[in-house]
Amino acid sequence: MKSIEIRQQFLDFFQEKNHQIVPSAPMVVKDDPTLMFTNAGMNQFKDMFLGNKPIKFPRIADTQKCLRVSGKHNDLEEVGHDTYHHTMFEMLGNWSFGDYFKEEAIEWGWELLTKVFGVDKSRLYITIFGGDQADLMPADVEAEKLWQKWISPDRIIHGSKKDNFWEMGDVGPCGPCSEIHVDLRPDDQRKLVDGKALVNTDNPLVIEIWNLVFIQFNRKADGSLEALPNKHVDTGMGFERLAMVLQGKQSNYDTDVFQPLLQAIATLSAQPYGVDRQKDVAMRVIADHLRAVAFAIADGQMPSNNKAGYVIRRILRRAVRYGYTFLGFEKPFIHNLVPVLVNQMGDYFPELKRNQDLIVNVISEEENSFLRTLATGLTLLQKIIDDVKAGGYKTVKGSEAFELYDTYGFPLDLTELICRENGLIVSRREFDEEMAKQKERSRADANVETSDMIVVREDDREEFVGYDHLTTTVEITRYRIVKTKGKELVHLVLNITPFYAESGGQIGDRGILKSADGEVIKVLDAFIENNLIIHLCDKMPSNIHGKFKAIVDEKLRRLTANNHTATHLLHHALRKVLGSHVEQKGSLVTPEYLRFDFSHFKKMEAEELKAVALEVNRMIRENHQQELFKDIPIDEAKELGAMSLFGEKYGDLVRAVRFGNSIELCGGTHAQSTGQIGLFVIRHETSIAAGVRRIEAITADAAEAFFYEQHETLSELKTLLKNANDLPKAVQNLLDQNRDLQKDLDAAGQKIVNGLIDGLKAKAKNVDGIDVISQRLDLTSDNAKNLVFRLSRELNNTLIVVGLVQNNKPMLMVTLTEDLAKSGRLNAGAVVRELAKEINGGGGGQPHFATAGGSNAEGLDKALSRAECMI
RNA sequence: GGGGGAUUAGCUCAGUUGGCUAGAGCGUUUGACUGGCAGUCAAAAGGUCAUCGGUUCGAUUCCGAUAUUCUCCA
């Protein structure tokens, strides 16, 4: 059975059981600070389990794109070396939110696997939660009994809390889980060892394929468990593993999920897959990482140098490095594989197809830049190796390898490989020490101590009223203390709030909370965590139980609104001027300025930028009123023509904002009418990644200030240039004149020098067999330098000392002709230092030419007269 | 967010105890050879050594700040 059919049958099966089939949520997580990427199927439903969000469908099934590369689940370094770890994979899952429970979940799981997919029952084993003394939890006999309807009791295993009790975090919903394991070993091996003994022992052929989680408890802060009124089911089955089982393979990479990619890599590298172990690992790494990176880019996450973007960059670079080292790819190649992936998965994941060009471009650019990094690293490493060899040593210092890695991004294993080829070893111990120091520094800096959320009063809904009110009376529902870098701040949650929390690129509101007795708490920021609006405050209120007046800083809010609305107008104008391939890739809206990233393949021309700015300003002057569509279904919004962005979840009610022809889905705060923006000015247009441009712009007060600043600079220039009509031409003339004058000056100086040469030559005085010329000159130091260099070229066996005064400061110049300098009898540096004593100065230079400056011009003549004593 | 680098000609980069009249390769222009192109040879043009401040007799070089950028860690 083809993998595409497997996915479809899974979804069809649950659809028949009245499940709502929803699309995969984006792999990139935007509104949960504890998570960078979706790492399990349940992520997009977390808020429903927590009770922070209402349940829309009691039964849901989907396939979820997941990425496990950081945090608790970090498989990155394993990937490729074995047959079943992946960075990106699909998790098939079915959910019940307060609807069916263990009985149906178990029955359907069994039915799908054995009847629909036809998995051999004699190869299946079940684990159930075996109870835990410390938690006073009995075994999950309920599940065990239900399983016994389908499978013989001796194939059911009691598992530990570690394997069979699922918890989301330290507190919150949790419950026992039941796993289905399958034994894929050949029959002869199965006869030798019972598969039951190999369950949960990391055997690559006796593996878990489906985990059914029964959420029935709530873990409280004191560690105790209480039964939930609503019980949920959360299941997850690895799609790639399922394909392996159903296609009778022994490796995920042998299924049709990976084979097309692996074959394409084999063709590109002109080397077969399945022959050389090391090369196979490299090919698996590339195939896996390409999937992860392509999906991440499709979800709007570009490779970059921090946070989530950095994780993506690292994955891609790991693939490039394996290709470079083991398959001999020295030019970008991974981007060539994108069409294969799109062809294979683009039907079910249309975002891949839609962004294909972007993905190819971004990957290609990243490959190039990393290959450049490698090239610089290779030069540096060669230098290190040469030094080590020259010194007769055998070991490259760990600190040097670390510097290569840390500062220049050159991978350690490559350093080691090249060193080995040169008969050298790298001190791994020193490297690890340096790495530990680096980590310590970062940890010390990022050290944030967060206490538990303390609940002040129960209030499950925290409502945002800030669209209509900037001031409201509020009460504190929860708080916690946060310590970072010795500073103590407070997180407050309110029953209702006028503060807009950072979202959709718009940063959080600032303002104050004022208590009844006049105490003022500053609100420094507001952001969303697990669907709660957290207010970052500078201190704890003395009475947290009282009522407060929450006041949003109105001016900042207004400026932010201007910039947000201007962002929409900009988006609209860009599509009008450049074309509909322009899509938003990122956005930042602050009171000070706005930043808009969008897909476009080349630098914008000056005329295009102007056309965009003109269009935006035209829409501002047309003074379009804000039209708001609150809580409309997403399909309805699309019919209105709203541009949809990343991150909306299926079935959500959305908010759409319209100004004239610009309609966007947006939860942000906006100007009442576009006229309020006043003026829009683009400040910068730059590239941030291949195929992605960034525009930074300002509006209103800031734009006005910018305009006047420019105007004043221009006025000053005009005044300076005597009100020239054509300012640029006047400046050009000045520059031309300046250059001509400089040339004339040089020529004149040369003439003076020419005129002085013969006279100076005649002044030579022979002292102990050396000619000495000592003369005070009225020249600039440049001309004097010219002069003495000419003299030293034209003469032999001569010491030339020249003195001059420039800006009231005396200066000495000592030159030896080449033969005299080589003879070693004199050293210009030594001579100039001695003579400089007379002018209260010091100096130095090279053996044949040295200069000195000083503060006592009176002593210059004495210095010159002492020249012949230097012999 | 923290650490470490980088910024020198149009491009890629050299440039060590601070003083070598700032260099190389590629590219550009001109000339010569050639029937033309390609090519070879020769020559030339092209630099506020990122910006601002400090130390010094003297700063591309040392120190500090800013900007841009790379990279590692979180």
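All values reported here derive from a predicted model rather than from experimental measurement. In the text below, chain A, chain B and the rest are named by the order of the sequence lines, each starting its count at 1.
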Partner set under salt bridge (charged side-chain N to carboxylate O under 4.0 Å, His left out) for A:Glu430, not counting sequence neighbours: none
Going by salt bridge (charged side-chain N to carboxylate O under 4.0 Å, His left out), name the residues that satisfy it together with A:Glu403, two or more places apart in sequence or in a different chain. none
Carboxylate-amine/guanidinium contact A:Glu434 A:Lys437, below 4.0 Å: yes
Any Lys/Arg nitrogen of A:Glu433 or A:Arg429 sitting under 4.0 Å from an Asp/Glu carboxylate oxygen of the other? yes
So what does [X] touch, heavy atoms closer than 4.0 Å: a base, only the sugar-phosphate, or nothing?
X	result
A:Gly409	sugar-phosphate
A:Arg313	sugar-phosphate
A:Asn840	nothing
A:Phe789	base

Atom [atom1], compared across [N] and [M]: separation rounded to whole Å:
N	M	atom1	value
B:G27	B:U66	P	41 Å
B:U17	B:C13	C1'	24 Å
B:G36	B:A43	P	24 Å
B:U7	B:U51	P	13 Å
B:C57	B:A74	C1'	48 Å
B:C70	B:G31	P	43 Å
B:C11	B:C20	P	26 Å

Taking atom [atom2] of [N] as reference, at what distance in whole Å does atom [atom1] of [X] sit?
X	N	atom1	atom2	result
A:Leu380	B:C13	CG	P	11 Å
A:Glu400	B:G5	CD	P	14 Å
A:Arg317	B:U71	CZ	C1'	8 Å
A:Tyr310	B:C73	OH	C1'	7 Å
A:Ile839	B:U56	CD1	C1'	14 Å
A:Glu440	B:G4	CD	P	16 Å
A:Phe527	B:G1	CZ	P	15 Å
A:Leu378	B:U12	CG	C1'	16 Å

Has A:His535 got a side-chain atom pairing as donor or acceptor with A:Leu492's backbone, closer than 3.5 angstrom? yes
ring-ring contact (aromatic ring centres under 6.0 Å, His included) with A:His289: which residues, sequence neighbours excluded? none
Residues pairing under ring-ring contact (aromatic ring centres under 6.0 Å, His included) where one sits in residues 772-814 of chain A, two or more places apart or in two chains, turn out to be A:Phe789-A:Phe849
Enumerate, in order of first residue number, the stems that involve RNA chain B, defined as 3 or more consecutive Watson-Crick or G-U wobble pairs with both distances under 3.5 Å. B:1-7 with B:67-73, B:10-13 with B:23-26, B:28-33 with B:39-44, B:50-54 with B:62-66
Enumerate donor-acceptor pairs with a distance under 3.5 Å from any side-chain N or O in residues 828-839 of chain A to protein atoms, sequence neighbours excluded.
residue	atom	partner	partner atom	Å
A:Arg833	NH1	A:Gly843	O	3.1
A:Glu834	OE1	A:Lys837	NZ	3.0
A:Glu834	OE2	A:Arg866	NH2	2.9
A:Glu838	OE2	A:Arg866	NH1	2.6

Test for a donor-acceptor pair under 3.5 Å between the base of B:G3 and the side chain of A:Asp406, counting only N and O atoms. yes
